[in-house]
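Each remark here refers to the structure printed beneath this line.
In what follows, chains are A, B, ... by sequence order, proteins preceding strands, each numbered from 1.
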Protein chains: 2
Amino acid sequence: MIGSVSDTQSDGRRPVFAAERRQRILELVRANGAVSLRELAQAVHSSEVTVRRDLRALESEGLLNRHHGGATLPGELTREAGYTHKVSLESAEKAAIADLAAALVEDGDAIVIGPGTTTQEFARRLTRHSELAVVTNSLLVAQALAASPRVEVMLTGGTLRGSILALVGSAAERSVAGLRVRRAFISGNGLSAERGLSTPTMVVAGVDRALAAAAEEVVVLADHTKVGIDTMVQTIPPEGIDHLVTDEGAPSEVLDELAGRGVRLHIARL
Amino acid sequence: MIGSVSDTQSDGRRPVFAAERRQRILELVRANGAVSLRELAQAVHSSEVTVRRDLRALESEGLLNRHHGGATLPGELTREAGYTHKVSLESAEKAAIADLAAALVEDGDAIVIGPGTTTQEFARRLTRHSELAVVTNSLLVAQALAASPRVEVMLTGGTLRGSILALVGSAAERSVAGLRVRRAFISGNGLSAERGLSTPTMVVAGVDRALAAAAEEVVVLADHTKVGIDTMVQTIPPEGIDHLVTDEGAPSEVLDELAGRGVRLHIARL
DNA sequence: AGATTTCCGATCAGATTCGTACTTAAACGG
DNA sequence: CCGTTTAAGTACGAATCTGATCGGAAATCT
């Protein structure tokens, strides 16, 4: 379709090919960070429907993010891969999971807590424990425990990832390298029987692995919307997971498979 | 990116997407710790109803806490009684000091920021800078800068001191050991000409020293209530202080003495 | 403790935008 | 020369976003 160079009439009219138009759209979005659909249509001399189609294609390639009214760069405005939208209504499930997971913690324990809204909820449950030592890379988890005088909170170092308010990077991984705790409580964006726990970004995966490596046992906290889902980067293989805390909505075939690989299941009832 | 598209007069209409607006709201809440609903509505040029909806969505994602009249950072301690009380006190002086100190930062700098209400205020002024690298041991400073994509924030590791939401201890000191930045912006509880900067607790003093040691120049931020005061542990001797940013109320004899020891003075005018 | 003011939640209406179906135009091949 | 295929434009119903209003709840003041 693009190969039809035979007809290059170089006079006043410009034959705008689809690829050329999309490239121009990308340039505009990159230059301004956010451009409205109307402006784009005007800029490339096409109808809004055409631009919409282009945007859909570009979005599927991950080159930009589409919103109501226009498009933006990926990364700047996006939080973690949009999974947070789904999670927004599951607060009851999360609370139940957090309750159940808190039962796995005993006074005097040393534990690791990873970032995530579920683990944050879990951390709130620990304020009544005594003589707890908690290592985390999540600012929200740290703040949830900051007011508890009998819980010692250690934060890993690292560069701050603003979208999830957690510390990542080589410094974060190094700072837990010499650590040894009893249990690590980790969340993620997807959990499948084949690939285990996974998240959509590399840097987050790196620290998650490091956190898990510091613990004798790994406890995964995942509500049912994440069970059976695979995202880009694998963090913990199924064999590395010792406990899974989830809620009733999780597909049983995935749970059975995980149990077959040695994962102990804890199902929270609402 | 917000300021760059501010030429609304020429076009008469600017595309503000929902996601963009929410991001801006988050930015404001993180930078100020607590923002009223009315202020938010005014800042994003939307109705209060819309902001309320946004807040509801953001709260369900755990990114902020909302309550009557506005929203605050997530985490219980952020609006601890003593803390917000202190923030409101002398806010005019602190703001003036922060403004003046922000002028000492240039795009592309690498700086260190210590904990404290004044330095937190100072950090808020840096959200518009580009290509900034900030190292801090204060969770509040980190959160103030979390939403700025052009500022890289690195947190030291360490054990969390809940009362000031800052990281202390040997791990914190170690993590800045190999660091070298241009300027360190430090606050404290007292500043006298004889003993320099001081704080009432040992562990805080330890990190303050470590932070100062990582910078070529040390900038002390202290409002007039701290000038002439000595507290228990000395952190930085007067010779180690390169700049002092304070306000008009500071006793001139102390300032003169400090100037005589090589401290460059920056007096903020209200 | 009671009254007043402020703020929140819910419902409704207006406007814009999105998705899909349908139509038109051009290119390609026989 | 004509049918088929692909891209682009038009149209319309559906979904979404925003702003306004009103009853009720919460906080503040006296």
Side-chain angles (χ1 to χ4, degrees), chain A residues 1-26 28-29 32 34-61 64-72 77-79 82 84-86 88-89 91-92, chain B residues 8 11-26 28-29 32 34-61 63-72 79 81 84-85 88:
Chain A
M1 46 171 174
I2 316 167
S4 65
V5 208
S6 58
D7 191 15
T8 45
Q9 42 183 136
S10 318
D11 53 301
R13 287 307 265 180
R14 57 181 67 179
V16 182
F17 299 114
E20 190 182 350
R21 189 184 54 237
R22 290 183 186 179
Q23 188 62 30
R24 177 112 186 81
I25 289 175
L26 253 179
L28 283 167
V29 173
N32 297 334
V35 190
S36 78
L37 184 95
R38 186 164 303 170
E39 279 179 318
L40 285 174
Q42 199 170 345
V44 300
H45 302 290
S46 291
S47 81
E48 298 186 4
V49 181
T50 303
V51 175
R52 243 188 283 269
R53 278 192 270 248
D54 287 339
L55 290 182
R56 213 171 304 176
L58 290 169
E59 185 192 37
S60 72
E61 295 179 34
L64 50 79
N65 279 355
R66 217 151 83 82
H67 300 279
H68 225 76
T72 62
L77 288 177
T78 59
R79 19 196 147 284
T84 38
H85 291 321
K86 265 180 144 178
S88 56
L89 291 179
S91 58
Chain B
T8 66
D11 208 329
R13 159 191 57 79
R14 86 186 107 177
V16 180
F17 307 114
E20 199 175 349
R21 189 184 54 238
R22 289 182 188 177
Q23 186 69 17
R24 178 106 185 88
I25 289 174
L26 247 179
L28 284 166
V29 172
N32 295 319
V35 190
S36 79
L37 185 95
R38 188 159 303 166
E39 281 176 314
L40 285 174
Q42 198 170 350
V44 301
H45 302 289
S46 286
S47 83
E48 299 183 4
V49 185
T50 301
V51 174
R52 210 166 276 150
R53 273 190 274 252
D54 287 339
L55 290 181
R56 206 174 310 175
L58 291 169
E59 184 193 38
S60 72
E61 295 180 19
L63 294 167
L64 50 80
N65 284 347
R66 88 199 190 92
H67 48 72
H68 274 257
T72 62
R79 28 193 350 272
T84 39
H85 189 55
S88 58

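- Closest approach of T72(A) and H67(A) over heavy atoms only: OG1-NE2, 2.9 Å.
- In this structure, T50(B) does not reach the dT18(D) phosphate: none of its side-chain N or O atoms is under 4.0 Å from OP1 or OP2.
- Protein atom CD of E20(A) is 12 Å distant from nucleotide atom P of dA8(D), rounded to whole Å.
- A distance of 11.0 Å separates CG of L40(A) from CZ of R52(A), quoted to the nearest 0.5 Å.
- In this structure, R21(A) places its CZ atom 8 Å from C1' of dA7(D), rounding to the nearest Å.
- Put simply, CZ on R22(A) is 10 Å from C1' on dA7(D), counting in whole angstrom units.
- If you check dG9(C), dG19(C), dG19(D) against the side chain of R66(B), the one that comes closest is dG9(C).
- In this structure, H67(B) atom NE2 and dT6(C) atom C1' are separated by 15 Å, rounded to whole Å.
- In this structure, the nucleotide among dG19(D), dT16(D), dG9(D) sitting nearest to the side chain of S47(B) is dG19(D).
- Whole-Å rounding puts the H68(B) NE2 to dC7(C) C1' distance at 7 Å.
- In this entry the distance linking CZ of R56(A) with P of dT20(C) reads 6 Å, nearest Å.
- Other residues, nucleotides and ligands place no more than 12 heavy atoms under 6.0 Å from the CZ atom of R24(A).
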- [ ] Apply side-chain contact (heavy atoms from CB on, under 4.5 Å) to the pair T50(B) and R21(B), showing each step before the final yes or no.
- [x] CA-CA 10 Å; T50(B) 301; R21(B) 189 184 54 238; 3.5 Å; yes
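- A residue-by-residue look at E48(A) and R53(A) shows that E48(A) has its nearest nucleotide of DNA chain C further toward the 5' end.
- L55(B) places its CG atom 10 Å from the P atom of dG9(C), with the value rounded to the nearest Å.
- Between R52(A) atom CZ and dG19(C) atom P there is a gap of 7 Å when expressed in whole angstrom units.
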